[in-house]
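Excluded from the calculations below are hydrogen atoms, water molecules and symmetry mates; all remaining heavy atoms, backbone and side chain alike, are included. Keep in mind the model is a prediction, meaning the values are calculated, not measured.
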Number of protein chains: 2
Amino acid sequence: MSRREEVARLAGVSPRTVSNVVSGAVTVAPATRQRVLDAIERLDYRPSEIGRMLRKGRTGMIALVIPDIESPYFSELGSALTDAARRRGYTLVIEQTDGVRDRELELLARADTKAVFDGLIVNPLALTDEDLNRPTPRGRPIVLLGEETHPGFDHVHIDNFAAAQDAVRHLLGLGRTRILALGAQRKGHSSSSLRLAGFEAVIAESDATGSVEYVDSFSRASGAAAVERVLERGPAPDAIFCFSDVLALGALAALADAGVAVPDEVAVAGFDDVEDGRYVRPSLTTVSPAKDVIAEAAIDALHRRIEGDDSEPAHVLAPYRLVTRASTISGDRVGAPLRRTDR
Amino acid sequence: MSRREEVARLAGVSPRTVSNVVSGAVTVAPATRQRVLDAIERLDYRPSEIGRMLRKGRTGMIALVIPDIESPYFSELGSALTDAARRRGYTLVIEQTDGVRDRELELLARADTKAVFDGLIVNPLALTDEDLNRPTPRGRPIVLLGEETHPGFDHVHIDNFAAAQDAVRHLLGLGRTRILALGAQRKGHSSSSLRLAGFEAVIAESDATGSVEYVDSFSRASGAAAVERVLERGPAPDAIFCFSDVLALGALAALADAGVAVPDEVAVAGFDDVEDGRYVRPSLTTVSPAKDVIAEAAIDALHRRIEGDDSEPAHVLAPYRLVTRASTISGDRVGAPLRRTDR
DNA sequence: TCCGGCGTTTGCATCGAGGCAAGAACCGGC
DNA sequence: GCCGGTTCTTGCCTCGATGCAAACGCCGGA
């Protein structure tokens, strides 16, 4: 019944010889090889990947643990990671946590329990060091994305502090004086913290006044709601630095609804450089992290760990750049923003 | 060395008994069970999923073959499918084809070759009937999404023809008379064809004049470029029915850049109801397919096939609804569009 | 004619889990 | 004390592939 046996019978050899032909590791007489290949062709035999997995103790699968694949930043990153993984011969499985700590924990435990993954790439939102250490005594390697610098793990990130500074300096350079930071979070989430720190550092050494608006999550709805609160409270800022593009997209919607002109009355900058931001009007000034570099570096680091590298944890700093578009730069150039800002 | 053996030794039983305790299928004496459970706990033993896969001939993994996870419609659908799959105990693996037929073929072949997936959910863009039949003589079940009604396969879709009709009738009901269909495609892609057919059917029985603009792909860039062509060519339509929301988002950008007022001069409707359409301004009127129903139905159908059901191919028709927003309905209500149109 | 040596082929064991049925232990009943 | 019948435990085999090393066949050389 077993397919390999059938091939062997048809070719008049032992099952073992079929394996030898398939793997190519051992020398097989050309005549025999040909007979086996013909039989394989005739019977359409394919070696079972599961059998190989069992033998090798490897599955070739990597889990990507992120809050939410619907969010454009993560879907773009997920896409880049999927491609990078495939290039290295891995299959990427996307697991969504919705940013809930219990769910992040459950997934880590499950990933470890089922032992189906050769390694994990995790973008934690709410995990503590102990959380991360607990579920992998077995030693599935983990690479972290984002700013959670848990000790002992490889880590790929951009300089959120510097990037935030660049964005805020850009706003100051436009002559804005009342800057709102939108997207601080009450708990956890060090990306937010670092962006906030960058914001505050620049504000502190400037003449401008800064204010901070908190959100529960990075979403368009949160961004819009936050701006509504801010406008109601008054006086309105003349620039908003949003900690993510989806927040900024929500903010733009709320500003438009309130009849506030962007960028003339309020300049808006985001963070992530998602596709939507290029096509919203006014198009969105934003910090653009090199997502493909991040993806490549993460897969690369994980691959090395899977291959047994046990050197010190690596911390890869990926580049970013500030992309200025119409949401902060007004006027004459708005006619052809697509050409100017598209990559 | 083998973990199960260690557990057995520590508990003073045979390896087989450990399996019996774990699976729970066979009766084990309470005292023995407890000793084994203690040993499992002490040694932190987890049964290997790979071993189970080999034994059962099932992996619990489903492949989702789509053009592109970055595209918001597919990322939203992917998210819904991931959740639905998990609820049924499956793990979903997302494979991107970029809409290229060779890549779609390669993935189907690979999925079959590696035999890692229990089944596939495929949203084909360019596959022919023979393509689909060729690579699965082995019989991995396939469920198709979208409008490609290849015979012999389960199939989940919405009534694209009727939905397009609804959208166009909505535009006509606003008094528009020069309607542009944006998103027809030269080759393959029957979703486009059906939406085009719906458009033409309604136009034919109306007094309005219809025109059609072709695109190479569903993307914001294509939508923007198409509108630029149309405006250049003149005279401008007074309504545009876009065959997808990303096309519409590109169209809105191009219209804004050209200084064309939406909806006053041109009304714009889309298709898919992606998140960004709710937050762009003006917010986007669109056909909203019930994505969670689609996801649930697809996983459900595939699950039944995996379980051995070999009844006639099922064709599931998921509901949709037309969501009217500010891009077609002007004026007084624009102040609070979020509340009015959000689900 | 016999033997060493080479190239090729094959059997055995292993990676974990679990279906099957035989074996072991124990019970009450006569 | 012995027997039939439970209840529990265990060994064997299979799912596929493959590392390892033994076995095989064939060659030329002594």
Side-chain angles (χ1 to χ4, degrees), chain A residues 1-37 39-40 43-61 89 112-118 138-140 306, chain B residues 1-40 43-61 89 112-118 138-140:
Chain A
M1 191 84 320
S2 161
R3 289 214 150 282
R4 195 182 56 164
E5 265 61 15
E6 289 177 24
V7 173
R9 215 175 310 137
L10 181 58
V13 296
S14 80
R16 192 61 250 260
T17 301
V18 176
S19 283
N20 287 338
V21 170
V22 170
S23 72
V26 192
T27 43
V28 176
T32 314
R33 138 168 273 108
Q34 196 50 52
R35 255 183 308 137
V36 171
L37 287 176
I40 286 175
L43 298 178
D44 191 36
Y45 162 81
R46 321 285 172 86
S48 148
E49 200 61 19
I50 303 176
R52 283 199 175 132
M53 288 177 184
L54 181 59
R55 191 72 242 268
K56 309 243 181 201
R58 296 267 185 87
T59 62
M61 301 203 304
D112 189 59
T113 298
K114 298 221 159 189
V116 167
F117 300 113
D118 292 342
R138 182 120 8 157
R140 301 270 164 232
I306 292 172
Chain B
M1 190 89 316
S2 160
R3 290 213 149 284
R4 194 182 54 165
E5 266 62 14
E6 289 177 27
V7 173
R9 216 174 310 139
L10 180 59
V13 296
S14 79
R16 191 62 251 260
T17 300
V18 177
S19 283
N20 286 339
V21 170
V22 170
S23 71
V26 192
T27 43
V28 176
T32 314
R33 136 168 277 108
Q34 196 50 52
R35 257 183 305 136
V36 171
L37 287 177
D38 289 349
I40 286 175
L43 298 178
D44 191 36
Y45 162 82
R46 321 285 172 86
S48 148
E49 200 61 21
I50 303 177
R52 281 197 177 136
M53 289 177 182
L54 182 59
R55 187 76 241 268
K56 308 243 180 199
R58 295 265 186 88
T59 62
M61 301 202 304
D112 190 58
T113 298
K114 299 223 158 186
V116 168
F117 300 113
D118 291 344
R138 184 122 4 158
R140 300 269 164 234

**Q** Quick one: closest heavy-atom pair of Thr32(B) and Val13(B), and the distance?
**A**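 It is CG2-CG1, 3.7 Å.
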**Q** What's the NZ-C1' distance between Lys56(A) and dG19(D), to the nearest Å?
**A**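 About 10 Å, once rounded to whole Å.
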**Q** Expressed as a whole number of angstroms, how long is the span from Met53(A):CE to dG16(D):C1'?
**A**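 Those two atoms, CE and C1', are 12 Å apart.
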**Q** Grab the two heavy atoms, one from Ala11(B) and one from Arg35(B), that are nearest each other, plus how far apart they are.
**A**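 Smallest interatomic distance, heavy atoms only, reads O-NH1, 2.7 Å.
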**Q** How many Å lie between CD on Glu49(B) and C1' on dG18(C), as a whole number?
**A**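 In whole Å, dG18(C) C1' and Glu49(B) CD are 13 Å from each other.
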**Q** Can you give one letter per nucleotide of nucleotides 5-12 of chain D, 5' to 3': B if a protein heavy atom sits under 4.0 Å from the base, S if only from the sugar-phosphate, - if neither?
**A** ---SBBBB
**Q** Using OP1 and OP2 only, check whether a side-chain N or O of Arg52(A) sits under 4.0 Å from dT18(D).
**A**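 True: Arg52(A) side-chain N/O within range (under 4.0 Å) of dT18(D) OP1/OP2.
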**Q** Give the rounded distance in Å between these two atoms: CZ of Arg55(A) and C1' of dC15(C).
**A**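 Distance, rounded to whole Å: 6 Å.
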**Q** Can you tell me how far C1' of dA17(C) sits from CG of Leu54(A), to the nearest Å?
**A**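 Atom-to-atom, Leu54(A) to dA17(C), this comes out as 9 Å.
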**Q** I'd like to know if Arg3(B) pairs up with Glu6(B) as an ion pair, taking the criterion as any Lys NZ or Arg NE/NH1/NH2 lying under 4.0 Å from an Asp or Glu carboxylate oxygen.
**A**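 Salt bridge flag = yes for Glu6(B) with Arg3(B).
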**Q** Could you tell me how far apart Glu6(A) (CD) and dG16(D) (C1') are, to the nearest whole angstrom?
**A**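 Distance, rounded to whole Å: 14 Å.
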**Q** Please state how far atom CD1 in Ile50(A) lies from atom P in dG16(C), giving the value in whole angstrom units.
**A**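 Answer to the nearest Å: 16 Å.
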**Q** Tell me: CZ of Arg4(A) to C1' of dT10(C), nearest whole Å?
**A**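 Arg4(A) atom CZ is separated from dT10(C) atom C1' by 11 Å.
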